[in-house]
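The next block holds one structure in the form of structure tokens; read it before the comments.
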Amino acid sequence: MVSQVLTFTPTFFLGGFPAWESSRMWSAVLLCSVYLLVLLGNWTVLAIIKAEQSLHAPMYLLLAMLAVADLGLSTSVFPTMLRMLWLEGREISSSTCFSQTFFIHSFTDIASATILAMAFDRYMAICHPLRYSSILTNSVITKICVAIVIRTILFQFPLPILLTQLCFSRASKLTHPYCLHPDIIKHADSDTKINSACGLFVLLSTLGLDLLFVLLSYLLILKTVLNLATWREHLKALNNCISHVCAVLLFFIPMICLSMRHRFGKHVSPQVYTITANHHFLAPPILNPIIYRVHKSRAAIFQ
């Protein structure tokens with residue numbers, strides 16, 4: 001007598017937007033409009049930098065890298081959100097979910113490392129202006145961008161592989177309308193200590209260190225600014241950092257709140273959790289082009 005073994009292919013059901021359920025169609029239209037705005041804003045940044053020869057400089061090459069990361073992140077997140085709202089398609093296969101996890105976390109890491117490189121650029125411009133052009137050449141910036149991509153692949157590639165080793169005995173409902181590594185491992189029936197430890201290590205080694213060095217850069221910048229002679233020099237130096245400081249706050253504050261919630265905030269309201277996550281992944285791609293465009297009009301960026 002031959003026994004048949006039924007294999008279970010794990011699937012996941014995407015979480016939603018609690019406040020949007022009653023107006024799903026209008027929410028889909030709004031979300032689609034936001035995605036188009038992201039595409040328009042970031043492609044405009046890339047087009048301007050490419051067209052203007054004067055913008056082929058370190059800071060603007062890094063800004064182009066940030067725009068690419070924002071485009072990649074939004075393209076990784078928006079499709080499943082639109083599919084869920086427009087077509088009510090909540091089910092997602094494990095392979096698709098794990099792939100989306102890789103791309104979301106990878107583009108997040110690229111954005112984080114690019115923000116760090118931009119902080120170093122501001123540090124050199126304000127603290128060592130005479131050495132700026134000799135140290136931060138376009139060739140050096142290109143190497144930094146390549147190093148960012150290599151670092152991201154090396155750190156993020158093991159995570160989806162480790163996810164495939166977990167056992168999922170049932171279809172699980174995720175918290176978000178997209179797949180995140182900490183959210184997935186909560187639903188595994190097998191031991192997730194290795195996955196959790198690896199995820200925490202990657203988080204601290206990439207985004208954690210990036211934030212630490214960004215803060216260090218701005219402490220050194222602040223020390224230099226306070227040593228300047230006049231208030232006019234103070235304001236001129238700080239004005240060069242306004243747009244980047246906004247980008248740092250916009251990226252890292254929701255990221256810190258989201259990471260803390262995943263690991264320690266078990267009693268936080270799901271609505272607050274959802275809003276924080278959506279802000280972290282949706283707001284920077286929308287607002288970064290606006291921040292730098294507004295700063296350009298004030299003649300601090302794109303001059």
Side-chain angles (χ1 to χ4, degrees), residues 32-79 102-126 128-129 131-153 156 206 210 214 217 239-252 281-303:
C32 188
S33 301
V34 169
Y35 184 45
L36 292 176
L37 182 63
V38 169
L39 295 178
L40 177 62
N42 286 282
W43 277 114
T44 299
V45 169
L46 293 174
I48 292 174
I49 293 175
K50 181 180 179 181
E52 293 291 336
Q53 190 67 32
S54 61
L55 300 182
H56 294 179
M59 185 61 178
Y60 309 119
L61 294 178
L62 291 173
L63 181 56
M65 183 76 167
L66 183 61
V68 170
D70 285 341
L71 285 170
L73 180 59
S74 58
T75 303
S76 300
V77 171
F78 274 98
F102 171 77
F103 285 111
I104 289 177
H105 289 295
S106 293
F107 283 115
T108 301
D109 280 3
I110 291 174
S112 172
T114 303
I115 289 174
L116 171 60
M118 295 171 80
F120 179 67
D121 176 273
R122 294 298 85 197
Y123 163 75
M124 291 299 300
I126 294 174
H128 304 283
R131 301 170 58 193
Y132 176 84
S133 59
S134 62
I135 293 179
L136 284 182
T137 63
N138 288 355
S139 174
V140 169
I141 294 300
T142 301
K143 293 177 182 177
I144 289 175
C145 292
V146 172
I148 288 173
V149 174
I150 293 175
R151 185 196 78 162
T152 299
I153 294 175
Q156 291 297 333
T206 54
D210 291 346
V214 167
S217 297
N239 191 47
N240 287 328
C241 300
I242 289 176
S243 55
H244 184 254
V245 169
C246 291
V248 170
L249 296 176
L250 188 66
F251 181 85
F252 281 107
F281 291 111
L282 304 183
I286 300 169
L287 296 180
N288 280 337
I290 298 175
I291 290 172
Y292 282 95
R293 183 65 185 179
V294 169
H295 208 57
K296 173 190 173 183
S297 67
R298 298 177 59 183
I301 300 294
F302 291 103
Q303 55 187 354

Do [X] and [Y] touch side chain to side chain, with heavy atoms closer than 4.5 Å?
{"X": "Ile242", "Y": "Val245", "result": "no"}
{"X": "Leu250", "Y": "Ile291", "result": "yes"}
{"X": "Leu282", "Y": "Val34", "result": "no"}
{"X": "Tyr60", "Y": "Ile48", "result": "no"}
{"X": "Ile104", "Y": "Val77", "result": "yes"}
{"X": "Asn138", "Y": "Pro58", "result": "yes"}
{"X": "Gln156", "Y": "Phe103", "result": "no"}
{"X": "Leu71", "Y": "Phe107", "result": "no"}

Between the main-chain N or O of [Y] and the side-chain N or O of [X], is there a donor-acceptor pair closer than 3.5 Å?
{"X": "Ser134", "Y": "Arg131", "result": "yes"}
{"X": "Ser112", "Y": "Thr108", "result": "no"}
{"X": "Asp70", "Y": "Val38", "result": "no"}

Say you draw a straight line from [atom1] of [X] to [atom2] of [Y]; how long is it, rounded to the nearest 0.5 Å?
{"X": "Thr152", "Y": "Phe102", "atom1": "OG1", "atom2": "CZ", "value": "8.5 Å"}
{"X": "Thr114", "Y": "Met65", "atom1": "OG1", "atom2": "CE", "value": "4.5 Å"}
{"X": "Met118", "Y": "His244", "atom1": "CE", "atom2": "NE2", "value": "5.0 Å"}
{"X": "Leu36", "Y": "Phe78", "atom1": "CG", "atom2": "CZ", "value": "9.5 Å"}
{"X": "Ile135", "Y": "Phe120", "atom1": "CD1", "atom2": "CZ", "value": "6.5 Å"}
{"X": "Asp121", "Y": "Leu116", "atom1": "CG", "atom2": "CG", "value": "11.5 Å"}

List the atom of [X], the atom of [Y], and the distance in Å for their closest heavy-atom pair.
{"X": "Cys241", "Y": "Ile126", "answer": "SG-CD1, 3.3 Å"}
{"X": "Ser217", "Y": "Tyr123", "answer": "O-CD1, 4.3 Å"}
{"X": "Pro284", "Y": "Pro289", "answer": "O-CD, 4.2 Å"}
{"X": "Ala64", "Y": "Leu46", "answer": "O-CD2, 3.5 Å"}
{"X": "Ser74", "Y": "Pro285", "answer": "CB-CB, 4.3 Å"}
{"X": "Gly72", "Y": "Ser76", "answer": "O-OG, 2.7 Å"}

Next on the checklist: Is there a side-chain contact (heavy atoms from CB on, under 4.5 Å) between Cys145 and Leu61? Walk through the geometry before answering.
Outcome noted: CA-CA 9 Å; Cys145 292; Leu61 294 178; 5.9 Å; no
Checklist entry - side-chain contact (heavy atoms from CB on, under 4.5 Å) between Ile115 and Asp210: does it pass, once the steps are laid out? => result CA-CA 8 Å; Ile115 289 174; Asp210 291 346; over 6 Å; no
